[in-house]
Protein chains: 2
Amino acid sequence: MATGRTHRPATRSRGIPEATVARLPLYLRALTALSERSVPTVSSEELAAAAGVNSAKLRKDFSYLGSYGTRGVGYDVEYLVYQISRELGLTQDWPVVIVGIGNLGAALANYGGFASRGFRVAALIDADPNMAGTPVAGMPVQHTDDLEKIIEDNGVSIGVISTPAGAAQQVCDRLVAAGITSILNFAPTVLSVPDGVDVRKVDLSIELQILAFHEQRKAGEEAGAEVVVADAVAETAGVDVPVDEGAAEATAAEATAAEAAPAARTESTDRKGPDGDVPAVMPA
Amino acid sequence: MATGRTHRPATRSRGIPEATVARLPLYLRALTALSERSVPTVSSEELAAAAGVNSAKLRKDFSYLGSYGTRGVGYDVEYLVYQISRELGLTQDWPVVIVGIGNLGAALANYGGFASRGFRVAALIDADPNMAGTPVAGMPVQHTDDLEKIIEDNGVSIGVISTPAGAAQQVCDRLVAAGITSILNFAPTVLSVPDGVDVRKVDLSIELQILAFHEQRKAGEEAGAEVVVADAVAETAGVDVPVDEGAAEATAAEATAAEAAPAARTESTDRKGPDGDVPAVMPA
DNA sequence: ATGCCTTTGTGAACGCGTGCACAAAGATTG
DNA sequence: CAATCTTTGTGCACGCGTTCACAAAGGCAT
């Protein structure tokens, strides 16, 4: 998925499991859809299907909130919508600032999903003086100089960072100093924040890399013979097998193509060679 | 299905834990930065700090890849960059199509982080005929009609969906039918795909809702006297505490602010328009 | 070589999250 | 009111992921 949180130490969270919290918005969305279709009640089975999860998991998730269902019937849609909204804190207004109005920042400013859930874009902030005053999503961009004042005046506690990576930590520090305690970070950097500040990150590049890993694995399985060969080579060649078999495979790769690893990365990304690990043929 | 590795430590084979895979890009980024500064070696402690993780975790993560470190010294930066890149499949080129060129789609098309990691945007696709031919990020937008042909001609196996929610499943189906096996979904919908197809989702609205939850909890703790009092009352009064403490807290909240809960629930469809979270991004 | 110092790699313990399976609870029907 | 049927809520077991803590391994100085 898309996120990660800065590690929260000792918070006596006699509360809802993090994994459950992360699913509540999913349930809420499914419930909202049902609500709009005026469906009065829904069973855990149906709702789970709509949310794309296991029904047992859903019931357990709801059990952390309380007993809001009726046995033999299901859950009252409207009531559940309200309860989840309340639990998530969506019954109140959350002013949000977006810092860094480039392509992504502008897209976020135009994103309809914010307002529909109680998130109000209070201000758009950018460091470029030329952008100041320029309307984006019907709202004038303001300059970074006024960041602190904007946050204070609007009582903002959630900030979105969509600046380039180089500016992110600096912006983050100013946001935190100004009183922000929750940050959604789109910049490809690890932000360091003091305790008590939550950071969630969305990293497009990382998501793609994870997909690439699985994609490669899938491709490798189809032409799976290669891997076997690599293992065989390792054994026949009497390669000094380190600690375990997993390492052996890696070692086999080294023994052939990866020997020139440091050299290979000097330039080209071409490595069609006798890799033994990387599939030589791409999925069509 | 997975009959092979029933009784075996996952050390063998491509048994890299999912959690580890998700962190590899993080390490890679930190290592790349070190590489650019010509740092020759790095210890697990230093690298962990740069990546924002625990050093023990990092070492264990690397142990799944093999023994690439040198005791007493650390890891060779260049070598590790190569190994991780190879493991993630970044040593090859991954053509990608982006479907839905609204605000977000355009932002993604302009995003530099893709190309820098071996991901090449092969095509931009949109359903709006008026957009066809319009250059976005120096590349003409193509019409959905040609989706299948584009994917086949370019050997694309990774697709990015940045359409409105309503169109996402349909687009997804066509992508899958055309041979796509990995999807990065930005539309706020649960996509259903056949086995063998990976889907990762990025949902901005959900991220904010999770932040709101924690934000609310933080605010509640500061003025936490309320909750404590409520609990005390419950006990002193000999109230039959319902299911568990969590529920007790919820009950306490209702007793104060959420008194109007049942009322609100009759009317809860009001505050959000029919938009829901439908538009991930509207076709500009 | 020998001994010291640093850092890796990993065994083991622990905690969280997931899924199964079922008893309890309520609706519904006759 | 009793019997039946549906669906919730949860106890339990299992597996994954995280963290600790330490022996082994390598470098380096003497």
Side-chain angles (χ1 to χ4, degrees), chain A residues 1 4-24 26-27 40-49 51-77 79-80 83 240-248 250-251, chain B residues 2 5-12 15-24 27 40-49 51-77 79-80 83 242-244 246-247:
Chain A
M1 218 138 317
R5 282 192 328 110
T6 46
H7 188 51
R8 178 198 304 282
T11 314
R12 53 109 196 280
S13 59
R14 173 219 305 113
I16 304 174
E18 191 60 31
T20 296
V21 172
R23 279 188 295 268
L24 290 181
L26 222 51
Y27 302 145
T41 63
V42 64
S43 71
S44 64
E45 202 69 49
E46 294 167 319
L47 184 55
V53 303
N54 177 309
S55 72
K57 192 187 297 188
L58 178 143
R59 288 198 301 275
K60 180 147 291 192
D61 282 342
F62 285 175
S63 79
Y64 292 115
L65 309 183
S67 287
Y68 294 147
T70 303
R71 297 176 190 229
V73 177
Y75 299 91
D76 181 285
V77 172
Y79 187 57
L80 205 44
Q83 289 297 344
D240 181 21
V241 176
V243 191
D244 62 38
E245 297 173 336
T251 307
Chain B
R5 52 218 51 160
T6 308
H7 218 34
R8 201 140 176 215
T11 14
R12 169 75 172 93
I16 301 179
E18 191 59 32
T20 295
V21 173
R23 279 188 295 266
L24 290 181
Y27 302 145
T41 63
V42 63
S43 72
S44 65
E45 201 69 49
E46 294 168 320
L47 184 55
V53 304
N54 177 309
S55 73
K57 192 187 297 186
L58 177 142
R59 287 198 300 275
K60 178 143 288 192
D61 282 343
F62 285 174
S63 79
Y64 292 114
L65 308 184
S67 287
Y68 294 147
T70 305
R71 298 178 189 229
V73 176
Y75 299 91
D76 182 285
V77 172
Y79 187 59
L80 204 45
Q83 290 297 344
V243 191
D244 60 28

Atom CD1 of Ile16(B) to atom P of dG17(D): distance rounded to whole Å?
-> 12 Å
Can you tell me how far P of dT8(D) sits from OH of Tyr75(A), to the nearest Å?
-> 5 Å
Side chain of Ala19(A) - closest among dG17(C), dA21(D), dG9(D) | dG17(C)
Once you round it to whole Å, what is the distance between P of dC20(D) and CG of Leu58(B)?
-> 14 Å
Note: for Arg59(A) and Arg23(A) on DNA chain C, the residue whose nearest nucleotide lies more 5' is Arg23(A)
Note, Phe62(A) side chain near Leu80(A) side chain (heavy atom, < 4.5 Å) | yes
State whether Thr70(B) places a side-chain N or O below 4.0 Å from either non-bridging phosphate oxygen (OP1 or OP2) of dG26(D).
-> no
dist Ser43(B):OG -> Arg59(B):CZ (nearest 0.5 Å) comes out at 9.0 Å
Ignoring the backbone of Val73(A), work out which of dT19(D), dA27(C), dG9(C) is nearest its side chain.
-> dA27(C)
Given dT7(C), is OP1 or OP2 found less than 4.0 Å from the side-chain N or O atoms of Ser43(B)?
-> no
Starting at CG of Asn54(A) and ending at P of dT7(D), how long is that distance when rounded to a whole Å?
-> 16 Å
Are Tyr75(A) and Glu46(A) side-chain neighbours, meaning at least one heavy-atom pair lies under 4.5 Å?
-> no
Which one, dT8(D), dG9(D), dA21(C), comes nearest to the side chain of Ser63(A)?
-> dG9(D)
Could you tell me the separation between the NZ atom of Lys57(B) and the P atom of dC14(C), rounded to a whole number of Å?
-> 19 Å
Starting at CG of Asp76(B) and ending at P of dT7(C), how long is that distance when rounded to a whole Å?
-> 16 Å
Grab the CG-P distance between Leu47(B) and dT6(C) for me, whole Å please.
-> 20 Å
List the steps, then state whether side-chain contact (heavy atoms from CB on, under 4.5 Å) holds for Tyr68(A) with Tyr79(A).
-> CA-CA 8 Å; Tyr68(A) 294 147; Tyr79(A) 187 57; 3.7 Å; yes
Arg71(B) CZ - dA25(D) C1' separation (whole Å) | 5 Å
Would a 4.5 Å heavy-atom cut-off, applied to side chains only, mark Thr70(B) and Asp76(B) as touching?
-> no
Between Asp61(B) and Lys60(A), which is nearer to the 5' end of DNA chain D once each is assigned its nearest nucleotide?
-> Lys60(A)
